[in-house]
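Model, not experiment: these values are computed from the prediction. Order of appearance sets the numbers: ligands from 1, and atoms from 1 within every ligand. All values below were derived from every heavy atom in this structure, side-chain atoms included, with hydrogens, water molecules and symmetry-related copies excluded. Sequential numbering from 1 along the given sequence is applied to the chain's residues.
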Amino acid sequence: MTMRIDITDVHRRYGDVEALAGLDLTVDSGDAYGLVGTNGAGKSTLFGLIAGHDRPDDGRITVGGRDVRETGWRIRESIGVLPENPGFPPGETGRETLAFHADVRGIGSGPGDAAERIAGAAATVGLADAIDRPIGGYSKGMRRRLGLAAALLANPAVLLLDEPTAGLDPNGVAALREILTRVRDETGVTLLMATHALREAERVCDRVGVLDDGRLVAEGRPDDLATGHDDGLEGAFVS
Ligand code: ATP
């Protein structure tokens with residue numbers, strides 16, 4: 001099951017700051033979309049709204065055609081989130097942490113079900129061998145992959161990734177990129193990824209958009225950027 005994300009004229013204000021100022025954005029079902037923007041452009045705010053942790057002041061966000069504010073829809077079953085810095089207790093093992101996440105999300109009512117999903121998610125992110133070791137001994141890349149495993153536990157139709165490769169060394173970046181590409185190919189999940197790095201977005205994403213001051217100021221295919229035949233992207237990336 002895959003789902004399309006539609007964001008229509010969304011506003012979110014914090015006092016005088018308009019974090020999102022009439023954002024329009026569509027991610028087609030099964031697509032990977034990279035949202036590029038500077039600090040404070042509004043990416044985290046947007047993710048909180050899509051995941052239903054926060055509400056827009058105006059506008060509408062639908063996932064799979066349903067408003068994310070609708071009550072009674074167990075949206076958390078359809079949307080997986082990888083926060084920028086997942087905080088994990090260092091004394092716990094990877095398995096214990098995933099079991100906690102499965103429990104919180106009500107995954108695995110049948111006997112053995114949660115355990116199977118945990119083992120499956122750990123294998124998907126390449127942590128099968130490390131799963132019974134304390135997280136305190138994990139590298140930053142391993143912790144990020146554990147966060148991805150937690151997001152995958154619910155077999156999400158939509159995956160929101162906030163700066164998934166930020167602060168990782170080149171090996172960690174390559175490993176995460178390979179996992180995301182594989183997960184996408186195998187599950188058809190719709191992927192929305194926030195990043196500062198255009199090159200990273202280019203490699204994984206079908207479309208790239210530039211968020212600035214809470215609005216989409218440019219959008220196109222990654223190769224539009226490379227060729228310069230773009231629909232407004234040229235010159236949008238300075239770094
Ligand atoms: P970063 O990459 O640094 O996380 P971002 O693109 O995710 O940046 P947001 O965190 O969404 O940006 O913030 C957008 C704007 O809204 C910023 O000006 C920020 O200071 C402001 N903002 C976000 N959350 C709050 C809040 N809870 N209270 C007040 N202002 C906020």
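Looking at R12 and D54, a side-chain N of the basic residue comes within less than 4.0 Å of a carboxylate O on the acidic one, giving a salt bridge. Under the 4.0 Å criterion applied to side-chain N and carboxylate O atoms, R60 and D67 are assigned as salt-bridge partners.
N155 and T187 share no side-chain donor-acceptor pair at under 3.5 Å.
The number of heavy atoms from other shown groups lying within 6.0 Å of CZ (R177) is above 12.
Heavy-atom separations between D162 and ligand 1 are all 4.0 Å or longer. Proximity of G37 to ligand 1 is not established, as no heavy-atom distance is less than 4.0 Å.
Closest heavy-atom approach to atom 4 (O) of ligand 1 among the candidates S44, A194, G42: S44.
A 4.5 Å side-chain heavy-atom check between R4 and T190 finds every atom pair outside the cut-off. Within the 4.5 Å cutoff, side-chain heavy atoms of T124 are placed close to those of R182.
Applying the 4.0 Å criterion to heavy atoms of T38 picks out, from ligand 1, the atoms 6 (O). Interface atoms of ligand 1 facing A41, defined by a heavy-atom separation under 4.0 Å, are 5 (P), 6 (O), 12 (O).
Of the protein's non-hydrogen atoms, G40 O, 3.3 Å is the one closest to atom 14 (C) of ligand 1. When hydrogens are left out, the protein atom nearest atom 16 (O) of ligand 1 is A19 CB, 3.3 Å; that is the closest non-hydrogen contact. The protein non-hydrogen atom at the shortest distance from atom 11 (O) of ligand 1 is T45 OG1, 2.6 Å. The closest protein non-hydrogen atom to atom 26 (C) of ligand 1 is Y14 CD2, 3.5 Å. The protein atom (non-hydrogen) at minimum distance from atom 3 (O) of ligand 1 is N39 OD1, 3.1 Å.
At a 3.5 angstrom cut-off on N or O pairs, K43 counts as close to ligand 1. Taking only nitrogen or oxygen atoms, main chain and side chain alike, V17 does not reach within less than 3.5 Å of ligand 1.
In this structure, atom 19 (C) of ligand 1 has no protein heavy-atom contact shorter than 4.0 Å.
No option in T26, I50, L216, D24 other than I50 meets the side-chain contact (heavy atoms from CB on, under 4.5 Å) test with I7.
With a heavy-atom cut-off of 4.0 Å, L211 does not touch ligand 1 at all.
From L98, atom CG reaches atom CZ of F88 across 7.5 Å, with rounding to the nearest 0.5 Å. Rounding to the nearest 0.5 Å gives a distance of 10.5 Å between CG of L20 and CG of L25.
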